[in-house]
Structures are given as C-alpha cells and as structure tokens.
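I have placed the structure first, in the form of structure tokens, so that the comments after it can refer back to it.
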Amino acid sequence: MGNEEEHQEEIKESKEDHDDDDNSDTEDEDEEEEAEIWKKHYSSKQRILLVGEGDFSFSLCLARAFGSAHNIVATSLDTQEDIARKYSNGIGNVRELEERGCLVLYKVDAKQMSQHYFLKTQRFDRIVYNLPHVGFLYRESSYCQIQLNKRLVKGFLKNAKVLLQKEGEIHVTHKEGDPYNKWDVVRKAEKIGLVLHDVVPFCKDDYPGYCNKRAHGSSSDAEFHLGDCSTYKFRFNHST
C-alpha cells in the first residue's frame, strides 16, 4: 500500500513538472508575441506621455507603429469640442487611438499637469512635447511673444520633471535659429536640475501620418513650415 501511495505521489509530481513546463512554454510564447517595437526614440515597452497634441496625429503614428497604444497617454489643452472644431481629422484620430488602448486626456495644461488628478499618480519613461507654442499673440520675434513661449517651456519642464521615471527622458522638439534660440530651452532645463543628454535632428518623414498643425486662429487645421528642427532630450542630473 505504501508503494502504491509513493507511485501516485511520483505521478502527481511528474504532472506538476509537466504543467510547469507548459506554463513556461506559454510564457515564452507570450514574450515572443510581445516583442519590443521601436519607432525612432520611442518603444512599445516605454510608458509614454505626449503633451500638447494638436490633431493627435503624432500619438496615432506611434500607436500604429507599436500595434497598440496601451503604453501611451496623449493629452491636449483643448476640449473635445475644440478638437472637433479645429481639426478635420482630430476626432477620427482620437477614436482610433482609444480603440487601440490609448488614454486621451483633454484640458491638460502643460504648465500645471503635475497636479492633474490622474497624471499626478503616474510616472513615465518618456514625456514628449513637440513644437511647444502659446499661439500667435504677437509677432514671432517680438519680446512679448518670446517671453510667453519661454514661460510655457519652463512650466512644462518643471511639471514633466515631477512625472518622470528616475531613468526617463523629457523630449522637446524645437525649431532652430532666430528667434527660437532665444527661448533658452537648455538653460531653462539646467536651472531646474535637468541635463541635456542628446540633441538629434527632427525629421517629420520619420513619423508617417504626423501633421504639424498651426492649432491657433482661423487656419488652425493648416500645417506650417517646419524648417530645421531638433529633438532635445533631457534627463535628471544625477550628479547634483
């Protein structure tokens, strides 16, 4: 009787080992199915926050490249009604993003987003603001316009720093040359404890479907000439 019980115990252990092997095979298959996908600087494995989206075409480009948008939170200062009024493809882009698993948030001020009821509970690997701009209130090269844009960038960087993972990066895509070099983006970042990690040219063609909209005024749905642009990548300054 003792031998029979020992035999049944061996069968049970063998079955458990087999089940473990099956589970291991399943986990391996899942890992293969969830292979990391890169789109330029961005990965399907990163938790990504996109700030100041216009018609959400940049967010959608990443979502399509990844095959999913569960790792993306896309935000806009506009309301949903504003998006519908200003952009011909805005609502369609939002719907596709949400169908792919993206969380879309409206009325998110880049200068105050670290206090947002949801965002303040999150931390991100990449926080991205493409071509920040307050709108065409004055001439682009005027002192007042430059000061307003500098305040926007400073406010964004301060808030993004709060929401950033320890080894994460803040990306600001910015036009080069005068008057944009007067915004002092790098110096603003350094003053709040960030360090410039890299600067790379920004090429719109790297992001199929992305449309850089004017976003303001009667021509909000029109694209504007980008010219020379770069993506500035900032990290925490761990040496301080």
Side-chain angles (χ1 to χ4, degrees), residues 39-42 48-62 74-78 86-87 89-90 108-111 113 126-161 164 168-237:
K39 187 63 177 172
K40 291 299 290 182
H41 325 294
Y42 309 110
I48 302 172
L49 172 63
L50 294 156
V51 178
E53 285 288 87
D55 67 351
F56 289 89
S57 55
F58 189 85
S59 302
L60 187 55
C61 169
L62 295 185
T75 72
S76 172
L77 181 61
D78 290 327
K86 292 167 65 173
Y87 307 112
N89 294 326
V108 176
D109 186 341
K111 303 189 302 299
M113 63 185 181
R126 297 291 183 272
I127 301 178
V128 184
Y129 198 168
N130 290 320
L131 305 163
H133 201 283
V134 295
F136 302 94
L137 304 176
Y138 305 95
R139 287 184 301 105
E140 191 75 314
S141 59
S142 71
Y143 175 82
C144 291
Q145 185 72 43
I146 290 170
Q147 292 304 307
L148 289 172
N149 282 316
K150 287 171 74 170
R151 288 176 197 165
L152 171 61
V153 171
K154 179 181 178 181
F156 162 70
L157 291 170
K158 287 179 69 174
N159 280 261
K161 182 183 175 184
L164 192 64
E169 293 181 2
I170 299 169
H171 292 185
V172 179
T173 295
H174 185 51
K175 296 185 79 168
E176 300 288 5
D178 188 72
Y180 308 101
N181 52 8
K182 295 176 181 174
W183 294 17
D184 295 328
V185 175
V186 175
R187 194 159 64 91
K188 289 278 186 289
E190 291 173 345
K191 279 189 171 183
I192 62 168
L194 298 170
V195 62
L196 181 64
H197 166 64
D198 197 9
V199 183
V200 294
F202 177 84
C203 181
K204 180 181 171 181
D205 292 342
D206 290 332
Y207 304 96
Y210 170 52
C211 300
N212 51 295
K213 301 292 189 177
R214 290 182 65 84
H216 304 281
S218 59
S219 302
S220 56
D221 199 32
E223 296 186 42
F224 60 90
H225 178 64
L226 280 180
D228 291 333
C229 292
S230 299
T231 298
Y232 290 74
K233 302 180 182 183
F234 299 100
R235 291 179 177 176
F236 284 114
N237 186 354

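Owing to the predicted nature of the structure, the values given are computational and were not obtained by experimental measurement.
With rounding to the nearest 0.5 Å, the separation of CZ in F236 from CD1 in I192 is 9.0 Å. Taking CD of E190 as the reference point, atom CG of N237 lies at 8.5 Å (rounded to 0.5 Å). Going from atom CZ of R139 over to atom CD1 of I146 covers 9.0 Å, rounded to the nearest 0.5 Å. In this structure, CD in E176 is found 8.0 Å from CG in N181, a value given to the nearest 0.5 Å. Going from atom NZ of K40 over to atom CG of L62 covers 12.5 Å, rounded to the nearest 0.5 Å.
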Given side-chain contact (heavy atoms from CB on, under 4.5 Å), test L164 with F234 step by step and report yes or no. CA-CA 11 Å; L164 192 64; F234 299 100; over 6 Å; no
The test is side-chain contact (heavy atoms from CB on, under 4.5 Å); show your working for L152 and K111 and say whether it passes. CA-CA 6 Å; L152 171 61; K111 303 189 302 299; 4.1 Å; yes
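With a 4.5 Å cut-off on side-chain heavy atoms, L49 and T75 count as touching. Looking only at side-chain heavy atoms (C-beta outward), V200 and H41 come within less than 4.5 Å of each other. In this structure, the side chains of C211 and D55 come closer than 4.5 Å at one or more pairs of heavy atoms.
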Under 3.5 Å, sequence neighbours excluded: what are the donor-acceptor pairs made by side chains of residues 201-209?
{"from": "K204", "atom 1": "NZ", "to": "N212", "atom 2": "OD1", "distance (Å)": "3.1"}
{"from": "K204", "atom 1": "NZ", "to": "E223", "atom 2": "OE1", "distance (Å)": "2.3"}

For residues 126-138, please give each side-chain donor-acceptor pair under 3.5 Å, one per line with the distance, not counting sequence neighbours.
{"from": "N130", "atom 1": "OD1", "to": "T173", "atom 2": "OG1", "distance (Å)": "3.0"}
{"from": "H133", "atom 1": "ND1", "to": "G135", "atom 2": "N", "distance (Å)": "2.9"}
{"from": "H133", "atom 1": "NE2", "to": "E140", "atom 2": "OE1", "distance (Å)": "2.9"}
{"from": "H133", "atom 1": "NE2", "to": "E140", "atom 2": "OE2", "distance (Å)": "3.1"}

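Checked against side chain to side chain contact (heavy atoms under 4.5 Å, CB included), R151 has the following partners two or more places apart in sequence or in another chain: L148. Under the side chain to side chain contact (heavy atoms under 4.5 Å, CB included) criterion, V199 pairs with L196, S230, Y232, not counting sequence neighbours. Evaluation of the side chain to side chain contact (heavy atoms under 4.5 Å, CB included) rule for K188 yields K150, K154, L157, D184 as partners, not counting sequence neighbours. For S76, the side chain to side chain donor-acceptor pair (under 3.5 Å) test picks out no residue, with sequence neighbours left out.
The aromatic rings of W183 and H174 sit tilted relative to each other, their planes meeting at an angle between 30° and 60°.
Using modelled atom types, one side-chain atom of N159 and one backbone atom of M113 make a donor-acceptor pair closer than 3.5 Å.
Pairing each heavy atom of G54 with each of Y87, the nearest pair is O-CE1, 3.2 Å. Counting all heavy atoms, side chain and backbone alike, K39 lies closest to C61 at CE-SG, 4.2 Å.
Counting heavy-atom neighbours within 6.0 Å of D178 CG, excluding the residue itself, gives a total above 12.
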